Amino acid sequence: MPLQFELCPGRPIGGDHPCFIIAEIGQNHQGDLGIAKQMIRVAKECGADCAKFQKSELEYKFNRRALERPYTSKHSWGKTYGEHKRHLELSHDQYRELQRYAKEIGIFFTASGMDEMAVEFLHELDVPFFKVGSGDTNNFPYLEKTAKKGRPMVISSGMQSMSTMQQVYKLVKPINPNFCFLQCTSAYPLQPEDVNLRVITEYRSVFPDIPVGYSGHETGIAISVAAVAMGAKVLERHITLDKTWKGNDHQASLEPKELAELVRSIRLVEAAMGSPVKQLLPCEVACSEKLGKSIVAKVRIPAGSTLTLDMLTVKVGEPKGCAPEDIFDLVGKKVKVTIEEDDTVVEEAIENHGKKVKC
């Protein structure tokens, strides 16, 4: 059984607990606090467990030349990449306001700390867990410092190899056992052939003592639902209010109707996963009574006869009699009474029926 731990207060993950669904707002709020609040409400109304943002302290995430680089993309909010990122970056006070708003409407709130100083701020903000974005998964000093904060961690694996993920496991596990890995491919939007959901199965084999999840950047919901059916215990998907908005992430994000359908479909699949025990269920009894078959005499069988296979057939019989799967065990048994052609073979008609055959 995979490790279970409390990712948020009162909300464990792993084992048989429901998949924890993260609505990744990221920076799809366009730098607008009002839109950010609207997106938190959408996440709540659609049934997500958590609304998540991305927090950077830009001078700690980028070097000076990266911030000064000209940025002429159609998605740009400024002449340089630094101007673009500053437009999208919410302030500490705005984060505190968003956290209060999320608490007010009843949804968990956190963010990916995109650099060590951002993690320090989020720790001060008292978020329930840290999300490690794929770009920092092989940033071992960052991982070590984040793990030492003692909060649960959700670690994406885009752009990484299995060898790197094994190193991450060895680094984090002794410091902080409460973490999980998300299978992820860092492409926006992600094509189905690059998703590689089988990695979820491989992770569960290689890391049997941590929960495993999925962070998806594909379009639509089918692949994410399949990930949950394969055992994903945490699911993260980007959300937007409008896929046509300016920004690289919007096209790979879910609009509100899609997010609501994703949550509904996941909960439906979880209910359908049910029990691993195969048995006749109460809901099947009516069908079994109506259409379940029994062993029937193909010919008239006089009392005292020894049964052979050519005396027997299988039909829907009235009354119910010996089960079809016992037909070979009846061969060689003697009948105590005459069984007329086309009559059901019942257990009372068979000598010593309880010894080798169960009717």
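Owing to the predicted nature of the structure, the values given are computational and were not obtained by experimental measurement. We count residues from 1, following the sequence as given.
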Colleague: To the closest 0.5 Å, what do you measure between CG (Leu90) and CG (Asp32)?
Modeller: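 One gets 9.0 Å once the value is rounded to the nearest 0.5 Å.
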Colleague: I need the Met159 CE to Thr137 OG1 distance, nearest 0.5 Å.
Modeller: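 The OG1 atom of Thr137 is 7.5 Å from CE of Met159, to the nearest 0.5 Å.
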Colleague: State whether Lys243 and Glu258 are salt-bridged, where the test is any N-O pair (Lys NZ or Arg NE/NH1/NH2 against Asp/Glu carboxylate O) under 4.0 Å.
Modeller: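 Yes, Lys243 and Glu258 are salt-bridged.
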Colleague: Same hydrophobic cluster for Val337 and Val296, using side-chain heavy-atom links shorter than 4.5 Å among ILVMFWY?
Modeller: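 No, separate clusters.
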Colleague: Taking the basic N atoms (NZ, or NE/NH1/NH2) and the acidic carboxylate oxygens, is any pair closer than 4.0 Å for Glu351 and Lys336?
Modeller: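 A salt bridge is absent here (no side-chain N lies under 4.0 Å from a carboxylate O).
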Colleague: Does anything in residues 119-139 form a salt bridge (charged side-chain N to carboxylate O under 4.0 Å, His left out)? List the pairs, not counting sequence neighbours.
Modeller: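 Sorted pair list: Arg96-Glu124, Glu120-Lys149, Asp126-Arg151, Lys131-Glu236.
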Colleague: Can you list the residues that meet the ring pair (Phe, Tyr, Trp, His ring centres under 6.0 Å) rule with Phe5, with sequence neighbours excluded?
Modeller: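 None.
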Colleague: How far apart are the C-alpha atoms of Arg65 and Glu68, what are their side-chain angles, what is the distance that settles it, and do they pass the salt bridge (Lys or Arg N to Asp or Glu O under 4.0 Å) test?
Modeller: CA-CA 5 Å; Arg65 293 184 64 181; Glu68 292 174 350; over 6 Å; no
Colleague: Taking atom types as modelled, is there a side-chain donor on Asp93 or Ser91 under 3.5 Å from an acceptor on the other?
Modeller: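 No, because no side-chain N or O of Asp93 sits under 3.5 Å from a partner of the opposite role on Ser91.
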Colleague: When rounded to the nearest 0.5 angstrom, what is the spacing between CE in Met117 and NZ in Lys55?
Modeller: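 Those atoms lie 10.5 Å apart.
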Colleague: Between Tyr95 and His92 (judged by ring centroids, cut-off 6.0 Å), do the two rings come close enough to count as a pair?
Modeller: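 For Tyr95 and His92, the ring centres are not under 6.0 Å apart.
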Colleague: About how many Å separate CD1 of Ile13 and CD of Glu6, when rounded to the nearest 0.5 Å?
Modeller: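 Spacing of CD (Glu6) from CD1 (Ile13) equals 10.5 Å.
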Colleague: If you measure from the Lys or Arg side-chain nitrogens to the Asp or Glu carboxylate oxygens, is any gap between Lys85 and Glu59 under 4.0 Å?
Modeller: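 Looking at Glu59 together with Lys85, the answer is no, because their closest N to O distance does not fall below 4.0 Å.
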Colleague: Considering only residues two or more places apart or on different chains, which pairs with a residue in residues 183-201 satisfy salt bridge (charged side-chain N to carboxylate O under 4.0 Å, His left out)?
Modeller: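 Matches after skipping sequence neighbours: none remain.
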Colleague: Which residues pass the salt bridge (Lys or Arg N to Asp or Glu O under 4.0 Å) test with Arg267, not counting sequence neighbours?
Modeller: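 Here the qualifying residues are Asp49, Glu270.
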Colleague: Is any side-chain heavy atom of Ile301 less than 4.5 Å from a side-chain heavy atom of Leu312?
Modeller: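 Yes, their side chains come closer than 4.5 Å.
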Colleague: So, taking the atom named OH in Tyr81 and the one named CG in Leu58, what distance separates them when rounded to the nearest 0.5 Å?
Modeller: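 Interatomic distance, Tyr81 OH to Leu58 CG, rounded to 0.5 Å: 9.5 Å.
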Colleague: Excluding sequence neighbours, so at least two apart, what forms ring pair (Phe, Tyr, Trp, His ring centres under 6.0 Å) with Phe109?
Modeller: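 Only Phe53 meet the ring pair (Phe, Tyr, Trp, His ring centres under 6.0 Å) criterion with Phe109.
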Colleague: Rounded to the nearest 0.5 Å, how far does OG1 of Thr240 lie from CG of Asp249?
Modeller: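 The OG1 atom of Thr240 is 9.0 Å from CG of Asp249, to the nearest 0.5 Å.
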Colleague: Going by the rule side chain to side chain donor-acceptor pair (under 3.5 Å), which residues pair with Asn138 if we only count those two or more places apart in sequence or in a different chain?
Modeller: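 For Asn138, no residue satisfies side chain to side chain donor-acceptor pair (under 3.5 Å) once neighbours in sequence are set aside.
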